[in-house]
A.B. asks: 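Structure in structure tokens, see below.
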Amino acid sequence: VSVSDLAPAARLVWANVRFNVQRTFMPAEYAPLEVLHRVQYWSWLGVAGLAGAVIAWRARRSQAGLTLHLPIAVVAMSIVVVLMFFFYTLTNWAEHRILSAFLLFGALLCCAAPGRTPVLLAVALIASNLASAGVFLNGFESSRRDQFIWDRRGIYELQDALEGHVVYRPGEPRWCNTLLTAQYPPHLVAVPAGIGISVVREPDLVALPLRSHYLLLDAPSLAEFKAPLHTRPLATLPYGTLYENLDSQCK
Amino acid sequence: MSRVAHLFGRSAATLICVAGVPALVVTLVRWLFDVRISAFRPLLNDEVTFWHQVLTFSRAGFHGGYYTLGEVTNPSGFTPFGLHGPGFPVLYGTIGALAGWQRHDIVVLNLIAISTAAAVWVLLSRISTPRLLLSGLLLVTFWPLPYWAPTGMQESLHHAGAILMGGPVCLRAPARAEDVDRRHGMDCPERARVHQTFVADADATLGVGDLAREEPPGHDRDCRGLRVVVVADCRRVQPNDRTDKELLFS
């Protein structure tokens, strides 16, 4: 592998870093809870890094042993932030989902670390969270409501459609126990245990013939495949038709 | 501080650490939506996928159908599970195989994971009661915890992992000898007096005396030999008489 071979990859990574840096300064693109978390982890990293450096310097001057809590926390957080900026994108709550575990780890170590500064860091984090309790409550209520208050009819409808058609068969090849779907409604929890759920988002890119025994496809997706499929309709649902794939070679 | 007060404070701090987040989540769901946790359904794509993978593993192990994107399977051929790997379905699915798998069980296991991790933190971190209380407050007010716990995402397991790892790190990165002493409630000389018999025995048994002789000049003589003993014998130390503020910032 020559350096020139790596150039396109390096350009991609650099473009990703630039994108992420730009996104960092676009708070309007994010939910308030995400912005809060971003401010918290950058502030924590900055102050903890500085404090860690001062503690290490003092320990060296006094020839006392260096306690490792803060350095471990700062290094862990720094590594994951760098990796994130290089290889991930700051969309879809990515920072909140991934970095929060590292911030929590660091803050807990602050609770155990000797000295005043780490404790003050933990106290500051708690204070900022308490001050933003209203933001959390609003975010929690709006984003979790549909997970707890919902219409059960969609599940019953799918259960009825699958009944007697889609059944897990132990001992059969995996593809014979797979349902390929173009839509992903939450009602899919009604699909029986043992039946794998595969997704097709770009039908024109999927290799044919399809191998999944069962298909759940809407009309536009069905039309996008590169060649006609050999199917037998089993049931009709609001978000597509359930088919048996005759090319799957399953019984 | 009396022994009873110390025990009460320690128990309260432990309770907040271990049960604080589950209690908060259950309360929020009840208060905001007027339903129980059992009303939960996976909603987002990833949630539905994770939940169903666990269901399949709990009933069929690795012999279920494929979870793929565009029918592209993973090269190993060992697992039918998708882009996020088999770890989550295997872990939660093993419990599901034993206890059954309902729609809301993923939330229950999330909360159990957080509680268990917090219990390990309490056991291994060995921090003073005020600091334990501080860590409990941190857990309860760390909004990403209650935000992701009532979902079918894997974030709660990651959070539990972060809490879990805190304990062993504290064990492996103990504070300086004088800090360890103070964390457990006494200054070095005081502790040395209280435990002089034990320390002498321990020095002989563990060879700590040899270690102590290697300390740099000027090190407080009363602290010698305690560095290892203190870590090994934290639980023998009696409740402290220092004020909460002193302990918090020690």
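A note on names: the letters A, B, ... follow the listed sequences, proteins ahead of strands, and every chain is numbered from 1. Keep in mind that this is a model prediction, so the values were computed, not measured.
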A.B. asks: Could you tell me which portion of A:Pro203 (side chain, backbone, both or neither) has an atom closer than 4.5 angstrom to a non-hydrogen atom of chain B?
C.D. replies: neither
A.B. asks: State, with a plain yes or no, whether a side-chain heavy atom of B:Leu139 is found less than 4.5 Å away from one of A:Leu104.
C.D. replies: yes
A.B. asks: With a 4.5 Å cut-off on heavy-atom pairs, point out which of A:Ser143, A:Ala73, A:Ser100 contacts chain B the most.
C.D. replies: A:Ser100
A.B. asks: At a 4.5 Å cut-off on heavy atoms, which part of A:Val135 comes close to chain B: side chain, backbone, both, or neither?
C.D. replies: neither
A.B. asks: Counting only heavy atoms closer than 4.5 Å, note whether A:Ala76 contacts chain B via side chain, backbone, both or neither.
C.D. replies: neither
A.B. asks: Measuring from B:His159:NE2 to A:Leu103:CG, what's the distance to the nearest 0.5 Å?
C.D. replies: 9.0 Å
A.B. asks: For A:Pro186 and B:Val48, work out which heavy atoms get closest and say how close.
C.D. replies: CA-CG2, 3.9 Å
A.B. asks: Indicate yes or no for a side-chain donor-acceptor contact from B:His52 to the backbone of A:Val191 under 3.5 Å, with no hydrogens or angles considered.
C.D. replies: yes
A.B. asks: Contact part of B:Arg41 toward chain A, heavy-atom cut-off under 4.5 Å: side chain, backbone, both or neither?
C.D. replies: both
A.B. asks: For B:Arg103, is it the side chain, the backbone, both, or neither that has a heavy atom closer than 4.5 Å to a heavy atom of chain A?
C.D. replies: side chain
A.B. asks: Is it the case that the side chain of A:Arg174 and the backbone of B:Phe62 share a donor-acceptor pair, with hydrogens and angles ignored and the cut-off at 3.5 Å?
C.D. replies: yes
A.B. asks: Under 4.5 Å, counting heavy-atom pairs only, tell me which of B:Ser38, B:Gly166, B:Gly82, B:Pro80 racks up the most with chain A.
C.D. replies: B:Pro80
A.B. asks: If you define the side chain from C-beta out and look only at heavy atoms, does anything of A:Ile126 sit under 4.5 Å from B:Leu134?
C.D. replies: yes
A.B. asks: Do A:Pro170 and B:His63 touch side chain to side chain, with heavy atoms closer than 4.5 Å?
C.D. replies: no
A.B. asks: Checking heavy atoms, do the side chain of A:Arg152, its backbone, both or neither come under 4.5 Å from chain B?
C.D. replies: side chain
A.B. asks: Highest number of heavy-atom pairs under 4.5 Å with chain B: which of A:Leu130, A:Ile98, A:Ile149, A:Leu179?
C.D. replies: A:Ile149
A.B. asks: Find the distance between CG (A:Leu137) and CG (B:Leu32) and round it off to the nearest 0.5 Å.
C.D. replies: 6.5 Å
A.B. asks: Check whether NZ of the Lys or CZ of the Arg A:Arg144 lies under 6.0 Å from the centre of the six-membered ring of B:Tyr147 and within 45 degrees of that ring's axis.
C.D. replies: yes
A.B. asks: Could you measure the distance from the CD1 atom of B:Ile127 to the CG atom of A:Leu108? Nearest 0.5 Å is fine.
C.D. replies: 8.0 Å
A.B. asks: Counting heavy-atom pairs under 4.5 Å with chain B, which one of A:Cys176, A:Ala122, A:Gly171, A:Ala133 comes out on top?
C.D. replies: A:Ala133
A.B. asks: Give the minimum heavy-atom separation between B:Cys170 and A:Ala112, together with the two atoms involved.
C.D. replies: SG-CB, 3.4 Å
A.B. asks: Testing the basics here: between A:Trp150 and B:Ala39, what is the closest heavy-atom pair and its distance to 0.1 Å?
C.D. replies: NE1-O, 2.8 Å
A.B. asks: Who among B:Arg59, B:His104, B:Glu71 has the most heavy-atom pairs with chain A under 4.5 Å?
C.D. replies: B:Glu71
A.B. asks: Using non-hydrogen atoms and a 4.5 Å limit, figure out which bit of A:His96 sits close to chain B: side chain, backbone, both or neither.
C.D. replies: both
A.B. asks: Test: side-chain hydrogen bond (donor to acceptor under 3.5 Å, both in side chains). Region: residues 177-205 of chain A. Which pairs qualify, not counting sequence neighbours?
C.D. replies: A:Gln183-A:Asp218, A:Tyr184-B:Thr49, A:Ser198-B:Thr68
A.B. asks: Heavy-atom distance under 4.5 Å to chain B: side chain of A:Ser128, backbone, both or neither?
C.D. replies: neither
A.B. asks: If I take atom CE from residue B:Met165 and atom CZ from residue A:Phe102, how far apart are they, to the nearest 0.5 angstrom?
C.D. replies: 6.5 Å
A.B. asks: Counting only non-hydrogen atoms closer than 4.5 Å, does A:Leu180 touch chain B with its backbone (N, CA, C, O), its side chain (CB onward), both, or neither?
C.D. replies: side chain
A.B. asks: Which atoms of B:Glu47 come close to chain A, meaning under 4.5 Å heavy atom to heavy atom: side chain ones, backbone ones, both, or neither?
C.D. replies: side chain
A.B. asks: With chain A, which of B:Val107, B:Asn45, B:Leu69 has the greatest number of heavy-atom pairs at distances under 4.5 Å?
C.D. replies: B:Asn45
A.B. asks: Step by step, work out the side chain to side chain contact (heavy atoms under 4.5 Å, CB included) result for A:Glu141 and B:Trp31.
C.D. replies: CA-CA 10 Å; A:Glu141 181 169 17; B:Trp31 175 49; over 6 Å; no
A.B. asks: Nearest 0.5 Å, please: how far is CG in B:Leu55 from CD1 in A:Ile195?
C.D. replies: 10.5 Å
A.B. asks: Provide the full list of ring pair (Phe, Tyr, Trp, His ring centres under 6.0 Å) pairs with a residue in residues 118-145 of chain B, sequence neighbours left out, each pair given once.
C.D. replies: A:Phe136-B:Trp143
A.B. asks: Under 4.5 Å from any heavy atom of chain B, what part of A:Cys110 do you find: side chain, backbone, both or neither?
C.D. replies: backbone
A.B. asks: Check whether any side-chain heavy atom of B:Tyr66 sits under 4.5 Å from a side-chain heavy atom of A:Arg211, and report yes or no.
C.D. replies: no
A.B. asks: Which region of A:Leu36, side chain (C-beta onward) or backbone (N, CA, C, O), has a non-hydrogen atom less than 4.5 Å from a non-hydrogen atom of chain B, or is it both or neither?
C.D. replies: side chain
A.B. asks: Check whether any side-chain heavy atom of B:Val169 lies under 4.5 Å from a side-chain heavy atom of A:Phe105, and answer yes or no.
C.D. replies: yes
A.B. asks: What part of A:Leu125 lies closer than 4.5 angstrom to a heavy atom of chain B: side chain, backbone, both or neither?
C.D. replies: side chain
A.B. asks: Hey, does B:Pro144 have a side-chain heavy atom less than 4.5 Å from the side chain of A:His37?
C.D. replies: yes
A.B. asks: Looking only at side chains, do A:Gln147 and B:Thr151 share a donor and an acceptor under 3.5 Å apart?
C.D. replies: no
A.B. asks: In terms of heavy-atom proximity below 4.5 Å to chain A, should B:Leu164 be classed as side chain, backbone, both, or neither?
C.D. replies: neither
A.B. asks: With a 4.5 angstrom heavy-atom cut-off, could you sort out which part of A:Leu205 is near chain B: side chain, backbone, both or neither?
C.D. replies: neither
A.B. asks: I'd like to verify something: which residue of B:Ser58, B:Gly70, B:Ala160, B:Pro146 has the highest number of heavy-atom pairs under 4.5 Å with chain A?
C.D. replies: B:Pro146
A.B. asks: Supply the atom-to-atom distance A:Phe140 CZ to B:Leu24 CG, rounded to the nearest 0.5 angstrom.
C.D. replies: 7.5 Å
A.B. asks: Minimum heavy-atom separation for A:Val189 and B:Pro42, please, with both atom names.
C.D. replies: CG1-CG, 3.8 Å
